Amino acid sequence: MREFSADYLRRTRDGMWDSRDALADLDLDSRRRVLDVGCGTGELARVLADETPGEVVGTDADPRLLSVAAEFVPCVAGDAHRLPFPDDTFDLVVCQALLINLPDPIRAVREFARVSSDLVAAVEPDNSAVSVESTVPEERTLSRKARDAYVEGTTTDITLGGDGTREVFRTAGLDEITTRAHHHAKTVEPPYSTRDVEAAKRKATAGALADKRDTLVGPLSPDEYEDLRAGWRKMGHAVVDQMQTDDYRRAEVVPFYVTSGRV
């Protein structure tokens, strides 16, 4: 299981559920007890708590993340493959960007179905289909090259999206499977936030690529990786220069899919 910091989860989920239309198939207004598996810092759990009249419970294997989520919903430490609840405890069990990080997502969904009396749902991205537009032309090309290598080098299936999740649900024995697309757009434009400025500085040092070196080297040769880093640093300096004149713009769209299935 890949691990993530609380700051990473907050940053990547910021603004994701400004529109909640894609959650319509979950019938949240009728739910009495909901479980958010792999709740992290509770971004989705808070949305669920807003939309349902019942109780929302979060569970995660990382106690550091649970300490944040527990400020908003009741939380229990637990493993997605061995949930610490009796059969049929909840009428909805849901996760967000969890299955893509598990080595055995089918086993996890079967466990979700065990503790659900009605519905199981998963919100999963297709990381191979992320699009990036930028006023620094090289950023689009370099982002695609890095993403393709990262998708190939990651040991779990981070491209599950809708079709992959539907197949996982079918194999796990769920019925009446539906999928709704939900595109999460993240933009950078003036006035730049402190986080935007820090991200630009990391581009100029290729810090993100250094963090992912073990995943990128394999799909890329060591020389190709160093060439990518050099191009990334040059691109990052162009980003910083454009920011100084308020000319930098960036838009990233991550396609998520809300898949639900009946127990």
Side-chain angles (χ1 to χ4, degrees), residues 2 4-23 40-41 43-44 46-47 96-97 100 123-154 158-162 180-213 215-216 219-220 224-258:
R2 293 190 295 149
F4 302 94
S5 69
D7 180 68
Y8 173 85
L9 292 177
R10 281 190 293 259
R11 173 166 47 85
T12 56
R13 303 293 181 263
D14 184 35
M16 180 167 175
W17 293 112
D18 290 346
S19 171
R20 301 177 181 181
D21 293 346
L23 299 175
T41 50
E43 274 72 19
L44 177 60
R46 279 174 258 178
V47 172
Q96 176 171 295
I100 60 168
V123 183
E124 301 294 333
D126 179 355
N127 283 296
S128 68
V130 176
S131 65
V132 173
E133 298 294 337
S134 171
T135 52
V136 176
E138 297 79 9
E139 186 167 13
R140 178 181 181 181
T141 303
L142 292 170
S143 294
R144 170 51 59 188
K145 184 173 183 178
R147 186 171 298 279
D148 287 347
Y150 190 69
V151 167
E152 184 179 347
T154 303
I158 62 174
T159 70
L160 273 178
R180 288 179 182 253
H182 178 71
H183 291 84
H184 179 33
K186 297 180 286 186
T187 59
V188 177
E189 59 186 7
Y192 307 115
S193 68
T194 300
R195 183 178 289 169
D196 294 337
V197 174
E198 290 302 317
K201 291 178 180 177
R202 277 181 59 79
K203 285 185 173 75
T205 62
L209 297 188
D211 294 343
K212 297 178 173 66
R213 187 185 189 283
T215 303
L216 296 174
L220 300 176
E224 288 173 328
Y225 168 75
E226 291 302 331
D227 288 344
L228 179 62
R229 284 195 70 197
W232 200 273
R233 287 192 294 267
K234 183 178 179 181
M235 175 267 290
H237 284 292
V239 169
V240 171
D241 289 344
Q242 285 195 9
M243 273 190 162
Q244 291 175 347
T245 56
D246 284 348
D247 291 325
Y248 179 63
R249 306 287 191 283
R250 183 182 190 273
E252 177 180 289
V253 178
V254 183
F256 279 83
Y257 298 87
V258 182

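As a basis for the values below, the full set of heavy atoms in this structure was taken, side chains included, without hydrogen atoms, waters or symmetry mates. Nothing here was measured: the structure is a model prediction, and the numbers come from that model.
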### Message
Keeping Arg249 on the side-chain end and Thr187 on the backbone end, is there a donor-acceptor pair under 3.5 Å?
### Response
no
### Query
Which of parallel (below 30°), tilted (30 to 60°) and perpendicular (above 60°) describes His183 and Tyr257?
perpendicular
### Task
Look at the side chain of Asp196 and the backbone N and O of Ser193, then say whether any donor-acceptor pair between them is shorter than 3.5 Å.
yes
### Task
Sequence neighbours left out, what passes side chain to side chain contact (heavy atoms under 4.5 Å, CB included) with Glu224? Give chain and number order.
Leu220, Ser221
### Query
Taking Glu139 as the fixed residue, which of Glu133, Arg144, Arg250 is the one that meets the side chain to side chain contact (heavy atoms under 4.5 Å, CB included) rule?
Arg250
#### Entry: By side chain to side chain contact (heavy atoms under 4.5 Å, CB included) - contacts of Ala129 (at least two apart)
Asp126, Pro255
### Heavy-atom closest pair, residues Val123 and Phe256
CG1-CD2, 3.9 Å
### Taking every non-hydrogen atom, the tightest pair across Pro125 and Ile100
CG-CD1, 3.6 Å
### Query
Hey, does the side chain of Arg195 reach the backbone of Tyr192 with a donor-acceptor pair shorter than 3.5 angstrom?
no
### Message
Run Lys145 and Asp227 through salt bridge (charged side-chain N to carboxylate O under 4.0 Å, His left out) and show every step you take.
### Response
CA-CA 11 Å; Lys145 184 173 183 178; Asp227 288 344; over 6 Å; no
### Task
Decide salt bridge (charged side-chain N to carboxylate O under 4.0 Å, His left out) for Glu198 and Lys201; before the verdict, give the C-alpha distance in whole Å, the side-chain angles of both, and the deciding distance to 0.1 Å.
CA-CA 5 Å; Glu198 290 302 317; Lys201 291 178 180 177; 3.8 Å; yes
### Task
May I ask you to decide if Gly231's main-chain N or O and Glu138's side chain share a donor-acceptor pair within less than 3.5 Å?
no
### Task
Count the heavy atoms belonging to other residues, nucleotides or ligands that lie under 6.0 Å from CZ of Arg20, then report whether that count exceeds 12.
yes
### Minimal non-hydrogen separation, Thr205 against Arg229, with atom names
O-NH2, 3.7 Å
### Message
Between His182 and Met16 (side chain of the first, backbone of the second, donor and acceptor by atom type, cut-off under 3.5 Å), is there such a pair?
### Response
yes
### Query
What are the two closest heavy atoms between Ala200 and Val240, and how far apart are they?
O-CG2, 3.8 Å
### Summary
Trp232 and Ala206 have their tightest heavy-atom pair at CD1-CA, 3.8 Å
### Donor-acceptor contact below 3.5 Å, side chain Thr215 vs main chain Tyr150
no
### Message
Give me the atom names and distance for the closest heavy-atom approach of Asp247 to Thr135.
### Response
O-OG1, 3.6 Å
### Query
Does Asn127 use its side chain to pair, donor to acceptor, with the backbone of Ile158 at less than 3.5 Å?
yes
